[in-house]
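See structure below.
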Protein chains: 2
Amino acid sequence: MSLAKPSLEMLRALTDENVLRALMEEGRLTRAEIAARTGISKPTVSDSVRRLSEAGLLADTGERTTGRGRVGTYYSLAADTGAALVASIGPDGVVAETVDAFGTATARAEVGLGRAPGPHATARALTEAVALVRPRTHGRLRTAVISAADPVDRATGRLVHLPDAPFLVGDLDPAEVLAGSVDGAVLVDNDINWAARAERAGGCALGVDDFVYVHLGEGLGCAVVTDAEVRRGHHGLAGEIAHLFTEGPRGRAMPFTEVFAELGLRRAESTAIDVGALRAAALGDSAAARRTRGALARAVGGVLAAAVALADPRLIVLGGAWGAEPVIAEAIRAHFAALPRSVPVAAARVPEPALAGARARAVEALRTAIITAPRPEASA
Amino acid sequence: MSLAKPSLEMLRALTDENVLRALMEEGRLTRAEIAARTGISKPTVSDSVRRLSEAGLLADTGERTTGRGRVGTYYSLAADTGAALVASIGPDGVVAETVDAFGTATARAEVGLGRAPGPHATARALTEAVALVRPRTHGRLRTAVISAADPVDRATGRLVHLPDAPFLVGDLDPAEVLAGSVDGAVLVDNDINWAARAERAGGCALGVDDFVYVHLGEGLGCAVVTDAEVRRGHHGLAGEIAHLFTEGPRGRAMPFTEVFAELGLRRAESTAIDVGALRAAALGDSAAARRTRGALARAVGGVLAAAVALADPRLIVLGGAWGAEPVIAEAIRAHFAALPRSVPVAAARVPEPALAGARARAVEALRTAIITAPRPEASA
DNA sequence: CCGTCTAGTAAGGAGTCCTGACCAAAGGAG
DNA sequence: CTCCTTTGGTCAGGACTCCTTACTAGACGG
């Protein structure tokens with residue numbers, strides 16, 4: 001609400017931010033190149049580079065320009081500006097990466113859970129994965145972005161269990177696990193939300209401001225992107241569609257998750273979908289398979305109709321172990337196209353989408369951490 | 001994406017904006033008061049006031065401070081800074097207002113349609129209402145914000161007809177009707193979206209960042225507020241819930257709008273709900289009324305479940321001719337509370353909500369128009 | 001070897017904001 | 001009535017930021 005107060009300090013900070021961002025995007029630049037890129041005059045850029053070098057954020061790389069004219073000196077971010085941790089937590093294990101401010105992944109580790117699933121084993125796997133990547137990165141970990149295959153409470157960052165939905169990873173607080181290894185903020189979100197961001201950044205929803213990503217796998221979920229942002233809702237549970245009323249077998253209205261119980265496609269003693277059984281029942285050319293596909297398409301169609309009604313997307317993206325299966329996706333698409341307010345349907349196509357989305361956000365977070373970090377007063 | 005380039009001009013503009021906003025909120029202030037309010041030093045404020053006075057945006061009101069100390073001169077916005085038009089368009093007619101940059105309504109007119117509904121009559125009514133308020137306002141109309149009781153295409157601002165939904169006002173392009181009377185941009189949105197903003201600004205959803213406003217009247221609609229903004233979706237049709245699949249009578253899945261056909265509660269030859277018939281059927285203590293209420297509650301419950309699943313609101317607001325009816329609202333609330341992911345339900349309470357929401361936005365738009373308007377170069 | 005071309009610096013100026021001192025004028029105390 | 005206090009507003013000086021223009025340093029090309 002309150003408007004920023006104008007000051008010369010603010011102006012200088014903006015100049016420094018321009019210089020830093022130019023270098024983050026380009027890797028290394030001479031002062032003249034920075035001036036050309038940002039539109040700021042050469043003397044001002046030189047001032048800023050001097051300031052930032054004295055603060056330890058920038059360094060002469062030792063490289064020099066070649067070609068006609070005077071040799072230029074290349075500057076780049078200092079080596080110790082730190083890194084960000086990215087991790088993807090699923091029921092099978094953990095994938096962890098570190099990225100620097102240029103967006104380059106500097107280390108990667110995968111730790112599987114084998115036959116010992118559960119939150120404790122997952123916490124250990126996360127700790128272990130961090131220990132594996134930690135020594136292979138320069139500087140401290142200034143922030144972390146975590147993807148988890150369960151709903152995430154927006155306020156606390158904890159994984160939460162919703163009624164009648166599978167709890168794939170289990171009760172876990174990633175921020176607590178990482179408390180010792182990461183200096184700054186730890187941001188946790190659902191894997192589907194990260195996947196949606198990845199599709200928007202470079203997948204089938206490239207640049208689309210309003211779309212819905214529907215994930216159909218062991219669990220059921222979706223991500224709602226409106227006005228170019230994933231919307232998480234008050235608790236962070238937007239997109240948890242298990243209890244959305246839709247059309248079940250024989251035209252009855254029932255929660256989405258119960259359709260799978262009704263069809264006998266759940267795993268024993270669990271609310272998770274048995275993807276193997278589903279594929280066995282829905283793929284192929286038999287009349288039974290076609291019937292199953294029809295039932296699935298009608299149930300998913302109800303979910304898509306709800307998404308269209310409430311979010312008005314330009315596009316719907318189907319992802320997940322069986323949602324991206326061409327034959328099933330085609331059945332869904334055909335049924336949905338016949339509904340009164342249909343929109344185009346596309347298939348997700350980014351590999352490791354959750355990790356990719358989290359990685360992009362981690363780079364962003366690391367960059368702003370570097371830019372907004374308090375700097376020593378220039379009082380020498 | 002690209003970062004603002006720092007410049008001294010930008011700083012000055014920020015100072016001027018601080019001064020202008022302070023005066024817009026407070027009405028009249030002395031330079032010392034502006035300095036105290038904004039935190040900007042007195043000399044700088046004096047400079048800014050001189051600049052803005054020379055540009056014709058500010059004027060000495062002639063009033064003077066009384067009390068101890070030197071007399072101060074009060075400044076205020078110049079009288080000719082213009083006004084904004086606000087209009088609410090419904091099937092029964094048009095209400096138009098003009099507001100100034102202080103948020104004060106300066107004129108108001110209501111033009112009914114009587115027995116001649118339809119888009120042509122509505123366009124005439126709008127023109128007439130504007131002609132009535134126009135002479136009673138100072139300065140030109142610099143922007144307009146329109147509320148319409150039909151879905152609005154976000155890109156064009158036209159009212160659009162969706163299949164199986166009533167078209168209460170009809171095919172109309174408010175911006176075209178107003179082209180001659182309004183200088184600046186014309187913003188058109190659905191009445192339900194404006195109502196939701198009004199409830200957030202000062203009603204039962206005061207300050208809530210994530211909520212869903214469900215309107216149950218002749219038409220069916222809702223507004224989705226996430227992260228403190230009404231989300232309109234790609235076409236502007238977010239919240240058009242007529243085709244959302246829900247639970248109909250006898251437990252069958254069907255589009256929301258068809259529930260009313262099934263219950264015989266639609267008006268003849270129309271997809272609009274017969275509110276009179278609905279009240280007759282659902283109010284009272286008879287077994288039949290209780291059955292009807294139950295059917296309505298289950299149908300609305302499906303819609304609320306979908307809203308909770310996709311938007312994760314902190315609150316659901318019920319409004320509209322029968323949605324706010326206490327007995328029906330209570331039936332909805334009771335049924336919804338038993339669902340697995342229930343959230344609090346409140347009743348809308350802002351009077352003339354669509355107009356109130358549009359008015360607030362019009363003030364905002366007028367203020368930014370004044371602040372960002374190109375100013376004559378100070379070259380005297 | 002000299003002209004050309006480019007990175008970077010130096011000098012000067014315009015503009016913005018601030019601090020602190022000062023002035024003007026009204027109300028209150030005695 | 002006079003003096004002091006209080007407050008709005010201005011003045012002068014200074015710190016700082018950014019820009020333009022002109023200049024220097026130094027390598028390549030012919």
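A, B, ... follow the sequence lines: proteins, then strands. Residue 1 opens every chain. As the structure is a computational prediction, the values presented were derived from the model and not from experiment.
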| Donor-acceptor pair between A/T61 and A/E63 side chains, under 3.5 angstrom |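 Yes, side-chain donor-acceptor contact under 3.5 Å.
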| query | Can you find a side-chain donor-acceptor pair between A/T137 and A/T106 that sits under 3.5 Å? | reply |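 A/T137 vs A/T106: no donor-acceptor pair found between side chains.
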Looking at [X] and [Y], does any basic side-chain N land under 4.0 Å from a carboxylate oxygen?
X	Y	result
A/R314	A/D209	no
B/R231	B/D210	no
B/E17	A/K5	no
B/D189	B/R197	yes

| field | Nucleotide nearest A/V71 when distance is taken to its side chain, options D/dT10, D/dA27, C/dT9 | value |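 When the side chain of A/V71 is considered, D/dA27 is the closest of D/dT10, D/dA27, C/dT9.
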| query | From the list D/dC18, D/dC19, C/dT9, which nucleotide is the closest neighbour of the side chain of B/P6? | reply |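 The listed nucleotide nearest to B/P6's side chain is D/dC18.
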| said: At less than 4.0 Å, is any side-chain N or O atom of A/T30 found next to OP1 or OP2 of C/dG8? Yes or no. | reply: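 The answer is yes; a side-chain N or O of A/T30 sits under 4.0 Å from OP1 or OP2.
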| field | Members of residues 7-17 of chain A that approach DNA chain D, where some heavy atom sits under 4.0 Å away | value |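 Here the set is A/L8, A/L11, A/R12, A/T15.
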| task | Specify the residues of residues 57-70 of chain B, ordered by number, for which at least one heavy atom lies under 4.0 angstrom from an atom of DNA chain C. | result |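 B/G67, B/R68, B/G69, B/R70, in order of number.
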Distance in angstrom units between [X] [atom1] and [N] [atom2], rounded:
X	N	atom1	atom2	value
B/R37	D/dG8	CZ	P	15 Å
B/D47	D/dC11	CG	C1'	12 Å
B/K42	C/dT19	NZ	P	12 Å
A/I34	C/dG8	CD1	C1'	12 Å

| said: Both A/A32 and A/K5 contact DNA chain C. Taking the nearest nucleotide for each, which residue is further toward the 5' end? | reply: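 In this pair, the answer is A/A32.
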| query | Is there any side-chain hydrogen bond (donor to acceptor under 3.5 Å, both in side chains) pair reaching into residues 33-48 of chain A, and which pairs are they, with sequence neighbours excluded? | reply |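 Those involving residues 33-48 of chain A are A/D16-A/S48, A/E25-A/R37, A/E26-A/R37, A/S41-A/T44, A/D47-A/R50.
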